[in-house]
Amino acid sequence: MVSIQNNLEKIKYDQFKLEEEIKKFWDENKIYYKVKKKSMRSKKKFYFLDGPPYASAKSIHVGTAWNKVIKDTVLRYYRMCGYNVWDIPGYDTHGLPIEVQIEKAYGIKSKKEIIEKIGVENFVESCKRFVDENIKAMTEQFKEIGVFMDWENPYVTYRDEYIESGWWLIKQAWRKGLLYKGERVVHWCPRCETTLADYEVSEYKELKDPSIYVKFKVKNSQNEYLLIWTTTPWTLPANAFVMAHPDLDYVKVKVDGEILILAKARLEKVMSEAGKTEYEVLEEFKGTQLEGLEYIHPLEDIVPAQAKLAPYHKVVLAPDAVTATEGTGLVHSAPGHGEIDYEINEKNVGAPLISLVDNTGKMTEDAGRYHGMYFRTDANKAVIEDLEKKGALFHKGSIIHRYPVCWRCKTPLVLRATEQWFIAVRRLKERLIEEARSIEWRPNWATIRFINLLKELRDWVISRQRFWGIPLPVWECSSCGYRHVIGSVDELVELGGHKPEQLHRPWIDRVTLKCPKCGGVMKRVPDVLDVWFDSGIAFYASLSYPRNKELYESLKPVDFIVEGHDQIRGWFFSLLRSGIIGFDEKPYKRVLVHGFALDEEGKEMHKTLGNYIEFEELISRVPRDVIRLWAMNNTIWEDLRFSWKSMDMVWRSFNIIWNVFTFASTYMSIDNFDPEQTKLEDVEEALQFEDKWLLSRFNRLLKEYHEAMKDLRLHQAARIVKDFPVEDISHWYIRLIRRRVWEEEATKSKLAAYAVLYHVLKGWLLMAAPFIPYTTEYLYQKLIRPAEPSLPETIHLLEIPEPDDKWIDDEVEQLMDIARKLTEASAAARMKAGIKLRRPVKKLIIALKDNSLRNTIERAAQIVKDLANVKEIEIVGIDFFENMKVYGVEPNYKTMGPEFKKMLRKVIAYVEENKEKVAKDIVEHGEHKAEIEGTVIKILPKHVELKVEYPNWLSTVETDIGIIGIDTRLTKDEILEGYAREIVRRIQAMRKDLSLPVDAYIEVWLEADPEFIEAIEKHRNYIMTETRARNLRLDKPPEEVYQKEWEVDGKRLLIGIKKI
RNA sequence: GGGCCCGUAGCUCAGCCUGGUAGAGCGCCCGGCUGAUAACCGGGCGGUCGGGGGUUCGAAUCCCCCCGGGCCCA
């Protein structure tokens, strides 16, 4: 016969050691692959797509760990529900951030140096090595926190197959006419020498810039000037026109003999800033009157580019570009250096697009004397000097404002017109919105946020002028300009190219094709793709589509993705975008959005802020499962505030859970309980009230757990997992079954308790396994599997049980609630009267408010009797206490509100004033009539709460079911019984001192005062059974036995015990 | 400047969707229990539910404005 073995009692609880042991067990026995193999046999597919973390560092962020734990929990849950779970992890590996780190490692600063000093080949190989090292380190950390994913087969975005899948999408875009090359004002990093997409312009710094007021002379006027304001003097050489607001009021002002034109609303501010106190308003008019007014640019003669721009020098109306809150109400416009300028120019002006800044931030030849100067420094200075010389500078100051900087290298960005490759996603807007709406978002507000940003969609700049990325698969004929987009390596070969060593630059750049139109040489456009392109195609590229079509077609669509809310704009969007471009359908069905990991103050956790918690530190201070359960407890879509303290609290729960299992292990093994022999069905007849209660609780919570998991309210499931063993099993059930478990013989009742406890603990382990895989595995190996050797070698191969409705019993649970309340109330009543729990009390009187509860309460009586240590329970009506003095009532808003409505305040005031009268009437007649401001109202018992006072021998406590009281008058019998319990408790303490096994027998010697002797004689049997004493002598203990002298109620008591 | 989320006891948070006299755990103080005890039970202290306004007989909960924090965008 196999039975429960006592494996836990001997082990000192050490969560760290436990996890180490299990980690070793998983590794040595290849547990993950066994779990995966079993999962793969299932027909029910669950396609999960891992949002690839960016492999730019060796250590993961706490938030990344949380993210993976969420994923792991869901994957484990679905595996344990019998699904075939696709669980390939991914790594995002291309892009500027990695290039920047490699540049730093080489100690270089520019693209030129990469090409000339390092060589692109070396550079790209270095990027790859760097990424590989990071992937290795990150993978170890993910494994460390117990994530079961296919770590040996991750998808990595830099691999050739992945790149090829990327080309396929570009080809689709091209086929659909969505790919185009165009000119656009973009944010440009002059250090990285590449453009940045809108969403990459994410960092701003407080920078000091010049703030200058410049006079543009009105053409054909004597001394009239348009006054403009700018913080970017370097853009003035590229000025094309001036913008004004049609509805603003403008003025002509005479200052120092000159006439300036500016907005009326700005006049005072500008004049005071320039230190002008004397000025005169000559004229006032609407902005519309300025339209078409021509001017002469002050630098026209020294900037060659101005020759092309001069014909456009006039005022243009642009309500969106001009405000009355800053500047002068007249805005200088350089279409080559401003987004809105560009748009207005396209729409209303049509000046040539001229950008006077080159790739490295220096002014071009067309800028004349500014040629070669860096835009924000030398060029600014020189322009201001020239303006001053020419008398065009009205005022010069400086300003500190937020200015966009490169998110990687922090260099201030420049806006400049460049040629870039685009995908016309704006044309897909309707489809995107339509598909987005049919995606299931958790929580719901994510939909709103997602749709909001789709509405502001702009075309996607996909090209970057860098090295480490998916090469843009566009070949262009150097003689006739003919273009072709390549969709795969095969196609490249077919068209006369060859398969390069790898698909990255520079190898791919060496592949040339023959132009089918003119026979010339076709070369690849040197750009690479935006990194966001990479992860956005993961839903098919991670499966090597289209090379392997079947796999994606059998798995699609993705069933589930989960990332932080920053990814709404990021990955969730880029996936959908690629889905629509490539397949015209949404690639995923369900999305869960989680929060951000913040520091203890609720601030962003960042290395540069000094509040960063290293993963290594975290994992060395707190056990993995504790971290997991703590993190999963947090409301999933809200931010996770880091807290060592709250992790300690969760840790405490683990301790209690350990104690619960030790308890089970200890007693079940003493009694050789065999769960395979004695199943729940076998003990149904013997089930006690508390057993039925626990089974009901367990099944109810199991049901809620499954509902929460399926609905992605993961935190609610986590809370059930954490609280059930603590609140229901430890705090309550075990307390109730202790007496049954201590019985000597294998009674049916005891077996029933074991069967129930075993059933519930095993069920809980399965529910908890997705959340705390280490701990549950450990307890499974120590307790469950030895008793049921036919079970699989790991808990993670089992399935989570479904709830059994037959056990869910509302009445039993309600009844237990009542019993719990009564026990609490009786403890409170004892406290009031100062009677220890060890002293039995003769009678507990329960005065019920609602007499129909009488029967149910009688059923709960035994539990209350035991826990409250009372001899007898008497259930009576609320009117029981004849001599109780009713002194008042308290209004019940919930019932009075709907009835008295607007009168409520007055009725309450009345009741407060007439408490005693109202109470007396309610008790004696069941109602109280009152006249309030002419209206007669009836106050009924349901409207008020009675407040009462009791005789002093009665200690009472009010509860929502009624009033309970205990008779505090102790008789001799009860005093003696109390003594007996005092003695038992002391003998138990001494057993413990000797660390006697729970089932050891002892001999006892007692020397005591006569009153104790009487108690001992009367309760001899009780004392002996409780303490497992074979012998009890009223005698002085012999020298050699363990003995101790006690004092109880001021009386002496000498006890000696000896193991038999 | 805009969109979305969060703000409840000293700390960590639940309650808010579906309005009805403010909850848990931890901490602190007092008492009890003791065969899972670095556990457990009872009581106490502790809250302008971020602030203001509105709807309602009644608002932590619904609506509007403001403040603080977070993410995303300008």
Side-chain angles (χ1 to χ4, degrees), chain A residues 8-9 13 198-199 201-202 204 323 325 339 404 443-453 455-456 564-570 573 593 595-596 598 600-604 630 633-635 637-639 641 643 645-650 652-653 655-667 715-716 719 723 726-727 730-732 734-735 738 741-742 823-832 834-838 867 869 890-908 945 957 984-989 991-992 996-1000 1026-1028:
Chain A
L8 296 177
E9 205 190 9
Y13 171 59
D198 293 337
Y199 48 77
V201 183
S202 54
Y204 292 80
T323 70
T325 52
E339 287 174 281
N444 287 329
W445 53 256
T447 323
I448 302 168
R449 202 160 142 178
F450 195 73
I451 304 277
N452 278 345
L453 66 91
K455 285 179 184 158
E456 290 166 29
H565 49 225
D566 54 333
Q567 298 303 332
I568 293 177
R569 165 42 58 119
F573 170 59
V593 177
F596 253 67
L598 306 176
E600 303 200 51
E601 256 85 64
K603 299 245 152 82
E604 183 191 7
W630 164 75
N633 243 297
N634 186 76
T635 305
W637 39 77
E638 284 177 15
D639 293 344
R641 195 188 271 215
S643 161
K645 226 168 130 189
S646 59
M647 273 186 266
D648 282 345
M649 281 181 222
V650 175
R652 240 184 102 241
S653 299
N655 208 337
I656 297 171
I657 291 165
W658 176 269
N659 282 335
V660 167
F661 276 85
T662 309
F663 176 88
S665 163
T666 307
Y667 286 99
H715 50 288
Q716 289 177 356
R719 286 169 196 164
D723 295 338
V726 176
E727 304 290 338
S730 173
H731 290 186
W732 197 241
I734 288 187
R735 207 170 137 199
R738 270 159 112 149
V741 163
W742 293 341
T823 314
E824 279 167 18
S826 115
R830 274 175 176 279
M831 171 95 182
K832 257 188 178 170
I835 303 171
K836 290 179 178 184
L837 186 57
R838 237 177 284 153
L867 290 170
N869 195 16
E890 285 224 56
N892 182 343
Y893 288 76
K894 196 169 177 174
T895 51
M896 282 174 120
E899 204 160 317
F900 301 120
K901 303 222 158 117
K902 298 216 180 204
M903 292 267 300
L904 186 66
R905 295 269 166 233
K906 279 167 194 145
V907 175
I908 285 165
E945 197 99 30
V957 169
V984 167
R985 174 175 122 51
R986 283 166 177 81
I987 296 172
Q988 303 290 32
R991 284 183 66 114
K992 195 132 210 204
L996 294 186
V998 173
D999 52 351
E1026 284 293 304
T1027 61
R1028 291 176 87 87

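Below, chains carry the letters A, B, ... as their sequence lines are ordered, and counting in each starts from 1.
Scanning atom types as modelled, no donor and acceptor separated by under 3.5 angstrom connect the side chain of A/Arg735 and the base of B/rU37. One can find a donor-acceptor pair under 3.5 Å joining the base of B/rA36 and the side-chain atoms of A/Ser730.
A search for salt bridge (charged side-chain N to carboxylate O under 4.0 Å, His left out) contacts involving A/Glu1026 returns A/Arg739, not counting sequence neighbours. By the salt bridge (charged side-chain N to carboxylate O under 4.0 Å, His left out) test, A/Arg1028 pairs with A/Glu744, sequence neighbours left out. Partners of A/Arg986 under the salt bridge (charged side-chain N to carboxylate O under 4.0 Å, His left out) rule, at least two apart in sequence or in another chain, are A/Glu982.
The partner of B/rG7, taking Watson-Crick or G-U wobble pairs whose two distances both stay under 3.5 Å, is B/rC67.
Spacing between B/rC57 and B/rC65 at atom C1', rounded to whole Å, works out to 26 Å.
Contact annotation: A/Ser646 does not reach the phosphate of B/rC13 (side-chain N/O to OP1 or OP2, under 4.0 Å). For A/Arg738, a side-chain nitrogen or oxygen approaches OP1 or OP2 of B/rA36 to under 4.0 Å.
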Please list, pair by pair, any protein nitrogen or oxygen found under 3.5 Å from a nitrogen or oxygen in nucleotides 59-62 of chain B.
none

I'd like a list of close polar pairs between nucleotides 23-27 of chain B and the protein, N/O only, cut-off under 3.5 Å.
from: B/rC26; atom 1: OP1; to: A/Arg652; atom 2: NH1; distance (Å): 3.4
from: B/rC26; atom 1: OP1; to: A/Arg652; atom 2: NH2; distance (Å): 3.3

With 3.5 Å as the limit, what N/O pairs link the protein to nucleotides 3-7 of chain B?
from: B/rG3; atom 1: O2'; to: A/Asn452; atom 2: ND2; distance (Å): 2.4
from: B/rG3; atom 1: N2; to: A/Arg449; atom 2: NE; distance (Å): 3.4
from: B/rC4; atom 1: O2; to: A/Arg449; atom 2: NH1; distance (Å): 3.3

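Side-chain contact between A/Leu8 and A/Tyr13 is absent, with no heavy-atom pair separated by less than 4.5 Å.
Checked against B/rC71, B/rA36, B/rA38, the side chain of A/Phe663 finds its nearest nucleotide in B/rA36.
In terms of position on RNA chain B, the residue among A/Leu453 and A/Phe661 whose nearest nucleotide sits closer to the 5' end is A/Phe661.
A straight line from NZ of A/Lys992 to P of B/rA39 spans 12 Å, rounded to a whole angstrom.
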